[in-house]
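Data block below; observations after.
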Amino acid sequence: MLVLSRKKNESIVIDDQIKITVVEIRGDKVRLGIEAPREVPVHRSEVYEAIHTMKDVPGGASDTQTEVPTSET
């Protein structure tokens, strides 16, 4: 695992097409902004796990991409 330190408004770039920016740091929480092509799925790990768990269950999600709300409060 690569570990990087970033400050507010600093970014990292992955494969010339994904940009992750530190938007806000508040206490022990960090808000990240992610810019990626539409065809690249981006999920929080718990949503990713749920999607893949549903695919393994008979009658679960199909192989088509599932719309998942992206906003958090």
Side-chain angles (χ1 to χ4, degrees):
M1 174 188 302
L2 173 64
V3 179
L4 301 171
S5 297
R6 301 279 69 203
K7 295 178 181 176
K8 185 176 178 179
N9 296 321
E10 292 184 335
S11 302
I12 63 169
V13 177
I14 302 170
D15 196 30
D16 293 326
Q17 62 178 346
I18 300 169
K19 182 177 180 182
I20 301 172
T21 304
V22 177
V23 175
E24 181 179 24
I25 303 169
R26 190 183 310 168
D28 64 346
K29 287 192 175 184
V30 176
R31 291 179 60 103
L32 302 173
I34 302 168
E35 297 175 49
R38 279 194 154 313
E39 63 272 7
V40 176
V42 178
H43 303 289
R44 296 185 316 266
S45 59
E46 62 274 16
V47 173
Y48 175 85
E49 294 295 330
I51 290 169
H52 286 275
T53 299
M54 288 174 52
K55 285 183 180 180
D56 294 338
V57 174
S62 67
D63 288 338
T64 60
Q65 189 169 350
T66 305
E67 286 291 322
V68 178
T70 57
S71 63
E72 289 186 31
T73 55

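All figures in this text were calculated on a predicted structure; none of them were measured in a lab.
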Practice problem: Give, for atom NZ of Lys7 and atom CD1 of Ile25, the distance between the pair rounded to the nearest 0.5 Å. | Solution: 9.5 Å

Self-check item: Rounded distance [0.5 Å steps], CD in Glu35 versus OG in Ser11
Solution: 7.5 Å

Quiz item: In terms of hydrophobic clustering (I, L, V, M, F, W, Y; side-chain heavy atoms under 4.5 Å; direct or indirect links), are Val23 and Leu4 co-clustered?
Solution: no

Self-check item: Joint hydrophobic cluster, Leu32 plus Val42, side-chain heavy atoms closer than 4.5 Å
Solution: yes

Self-check item: Stepwise side-chain contact (heavy atoms from CB on, under 4.5 Å) test for Ile18 and Val13
Solution: CA-CA 6 Å; Ile18 300 169; Val13 177; over 6 Å; no

Practice problem: Report the distance from atom CZ of Arg31 to atom OG1 of Thr21, rounding to the nearest 0.5 Å. | Solution: 13.0 Å

Self-check item: Rounded distance (nearest 0.5 Å) linking atom CZ of Arg44 with atom CD of Glu49
Solution: 13.0 Å

Exercise. Could you check if a side-chain atom of Asn9 sits within less than 4.5 angstrom of a side-chain atom of Val22, using non-hydrogen atoms only?
Key: no

Quiz item: Looking at side-chain heavy atoms only, is the closest gap between Ile14 and Ile20 below 4.5 Å?
Solution: yes

Exercise. Compare all side-chain heavy atoms of Ile51 with those of His43 and state whether any distance is below 4.5 angstrom.
Key: yes

Quiz item: Under 4.5 Å between any side-chain heavy atoms of Arg6 and Ile12, yes or no?
Solution: yes

